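Okay, so here's the structure we're looking at.
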2 protein chains.
Amino acid sequence: MGKPCSSCAHREIAEWSVLKGAAVAHLDDARRSRHFLAGEAIYHEGDEATGVYCVSSGLVGIRKVDPDGESVLLRLVRPGQTFGYRSLLTGTPHGVSAEALKEGSICQVPAATVHRMAAENPALVMAFFRHLAQDMADAENKVMETVTASCRVRFLRLLLAFGGEADGDAGTRVSLELPVSRQDIASLIGVRSETMSRVIRAIEAEGLAHFKGRHVDIPDARRLADESFGSLAA
Amino acid sequence: MGKPCSSCAHREIAEWSVLKGAAVAHLDDARRSRHFLAGEAIYHEGDEATGVYCVSSGLVGIRKVDPDGESVLLRLVRPGQTFGYRSLLTGTPHGVSAEALKEGSICQVPAATVHRMAAENPALVMAFFRHLAQDMADAENKVMETVTASCRVRFLRLLLAFGGEADGDAGTRVSLELPVSRQDIASLIGVRSETMSRVIRAIEAEGLAHFKGRHVDIPDARRLADESFGSLAA
DNA sequence: TCGGGGTGTTGATTCAGATCAATTTCAGCA
DNA sequence: TGCTGAAATTGATCTGAATCAACACCCCGA
């Protein structure tokens with residue numbers, strides 16, 4: 001059932017890093033790894049939380065759908081990151097759904113184990129608090145962006161985020177792979193896929209970036225970064 | 001310096017309700033109450049956290065401004081609620097600013113006290129976690145709304161939220177006071193104030209609600225609620 | 001009583017992005 | 001290897017909300 005947590009490649013990233021000695025063994029003992037195909041649902045909005053999830057490989061999307069069926073991709077969860085802890089710790093049903101966007105395996109730590117560990121180890125709760133605080137900050141930024149920035153700017157910023165903050169001083173060449181489909185990218189910035197296509201075409205035409213399938217080549221990351229700040233230089 | 005926390009009207013609402021006996025006395029001893037006029041800043045984005053705030057009376061607005069000066073009102077904090085705990089507990093600068101929207105008094109519990117209490121009382125951290133989890137859920141809903149709903153619908157939902165969930169079965173008459181200026185309401189739903197005016201005029205014309213200054217009268221809350229779900233009946 | 005600034009309203013116009021409707025491209029698979 | 005359905009592109013058109021520009025209102029202080 002995969003490598004033990006103690007030797008997990010991502011061990012120091014996730015909240016579990018605050019656990020020591022015996023607790024890690026317990027974690028290892030309790031967790032169950034499961035394989036997911038792209039598109040498979042991990043849990044749905046309204047489900048009761050049955051544990052905390054930890055992405056081992058692949059990519060997870062956190063989604064929310066409104067009554068009319070409109071679906072918005074709220075954020076991505078990458079290997080080494082946890083999710084689903086919020087509902088578990090507060091004892092409320094999931095307010096969002098989670099699905100695998102890329103095939104991969106995901107560990108689940110059962111509710112009882114998490115609760116016991118949280119009770120014994122306040123630092124673990126604090127670690128989850130930090131994670132949630134970061135997610136909240138991201139959510140606030142997202143609200144700001146959707147309200148104030150054009151879809152073009154939002155997309156440029158997303159590109160920069162995907163490319164990592166590798167913006168060297170001068171014109172740095174960056175190339176990267178889009179982690180998800182264009183439809184999902186559109187959903188991530190809150191526009192229609194048709195609009196997404198047009199935005200990409202425009203950016204391509206300006207030479208800001210070059211797109212081929214999921215591969216993106218950015219000749220001058222600095223220029224792109226400048227553009228992404230609503231035509232306002234630093 | 002105001003009533004002691006132990007007899008604060010809002011005591012059972014705030015996170016402090018998990019504290020017992022001596023801890024409450026400590027809280028009382030350490031907290032400082034300060035009066036704020038409408039418009040006064042409590043803290044700014046980027047400031048270091050110096051304590052946790054608790055609204056005793058008045059109304060507080062949490063705001064975020066982007067580099068171009070665009071400002072968005074993210075949420076309101078009402079009497080009995082705490083704010084500013086996120087930055088304090090994570091030890092990061094404030095990512096948002098807080099200002100008094102209505103005159104009132106606000107208690108501050110200094111950083112050292114909060115840290116000590118959090119260390120001694122894991123339930124307090126958990127209480128803040130719950131608060132943050134709720135705020136996060138609200139933020140996610142807000143992202144959904146701004147992406148999927150028209151400004152008209154967003155405003156109707158806000159009205160319902162202000163009116164409390166007092167939607168009796170049939171046509172219930174609800175009347176309420178808008179807690180903030182129309183400019184701020186516009187900022188809260190992410191539209192221009194001109195648009196806000198027009199939306200209000202349209203709603204008035206349809207007889208969905210009647211506006212006079214900050215007073216709102218909703219003859220049939222049920223009808224308004226129905227309208228607020230993108231013309232999709234339950 | 002007369003400004004005067006903040007708050008709100010109204011109108012004309014523009015524009016970003018949605019919507020509707022066809023294709024085209026491509027990956028998976030029999 | 002060709003079929004099939006999903007993903008992506010493209011075009012034409014429409015529209016919700018922003019923008020630009022006046023103007024009304026109202027509370028407050030001189």
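Predicted model, so just to flag it, every value in this text is computed and none were measured. Proteins get letters first, then strands, A, B, ... in listed order; numbering begins at 1 in each.
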Taking the basic N atoms (NZ, or NE/NH1/NH2) and the acidic carboxylate oxygens, is any pair closer than 4.0 Å for Glu140(A) and Arg86(B)?
yes
So that I know where these two stand, are Tyr53(B) and Tyr85(B) an aromatic pair - ring centroids less than 6.0 Å apart?
no
Check whether any side-chain heavy atom of Glu45(B) lies under 4.5 Å from a side-chain heavy atom of Pro93(B), and answer yes or no.
no
Is the Lys NZ or Arg CZ of Arg34(B) less than 6.0 Å from the centre of Phe36(B)'s six-membered ring, within 45° of the axis?
yes
Lys/Arg-Asp/Glu bridge criterion (N-O < 4.0 Å) met for Arg182(A), Glu194(A):
no
Can you check the Ile203(A) CD1 to dT9(D) C1' distance for me, whole Å?
16 Å
Electrostatic pair Glu204(A)-Lys212(A), nearest N-O below 4.0 angstrom
no
Length of the CD-P vector between Glu204(B) and dT10(C), whole Å
10 Å
Using five pairs at each end of the helix from dT1(C)-dA30(D) to dA30(C)-dT1(D) to define an axis, what is the angle between those two axes, to 10°?
30°
Separation of Asp68(A) atom CG from dA18(C) atom C1', in whole Å?
15 Å
Do any side-chain nitrogens or oxygens of Ser193(A) fall under 4.0 Å of OP1 or OP2 in dA8(D)?
no
Side-chain heavy atoms of Val52(B) within contact of Gln108(B), under 4.5 Å:
no
From the set dA17(D), dT9(D), dT19(D), return the single nucleotide nearest to any side-chain atom of Ser150(B).
dA17(D)
If you take any heavy atom closer than 4.0 Å to DNA chain D, which residues from residues 97-104 of chain B end up in contact?
none
Distance in angstrom units between Arg201(A) CZ and dT10(D) C1', rounded:
6 Å
Measuring from Arg78(A):CZ to Leu101(A):CG, what's the distance to the nearest 0.5 Å?
10.0 Å
So, the side chain of Thr195(B) versus the backbone of Val191(B): is there a donor-acceptor pair under 3.5 Å, distance only?
no
Ranking dT19(C), dT10(D), dG8(C) by distance to the side chain of Arg192(A), first place goes to dT19(C)
Counting only distance, no hydrogens or angles, is the base of dT19(C) paired donor-acceptor with the side chain of Arg198(A) under 3.5 Å?
yes
Could you check Arg173(A) against Asp220(A) for salt bridge (charged side-chain N to carboxylate O under 4.0 Å, His left out), going step by step and ending with a plain yes or no?
CA-CA 5 Å; Arg173(A) 163 166 250 104; Asp220(A) 184 349; over 6 Å; no
Taking the side chain as every heavy atom from C-beta outward, state whether Thr50(A) and Tyr43(A) have any pair of such atoms under 4.5 Å apart.
no
Options dT10(C), dG17(C), dA7(D), nucleotide nearest the side-chain atoms of Ser197(B):
dT10(C)
Please state how far atom CZ in Phe155(B) lies from atom P in dA17(D), giving the value in whole angstrom units.
14 Å
So do the side chains of Leu76(B) and Phe162(B) get within less than 4.5 Å of each other, counting heavy atoms only?
yes
Distance in angstrom units between Leu178(A) CG and dA8(D) C1', rounded
13 Å
Closest to the side chain of Arg182(B), out of dT9(D), dA18(D), dT9(C), is dT9(C)
Neighbours of DNA chain C within residues 205-215 of chain A, by heavy-atom distance under 4.0 Å
none
Starting at atom CD of Glu194(A), determine the distance to atom P of dT23(C), rounded to an integer number of angstrom.
16 Å
Integer-rounded Å distance: dG5(C) P and Gln183(B) CD
16 Å
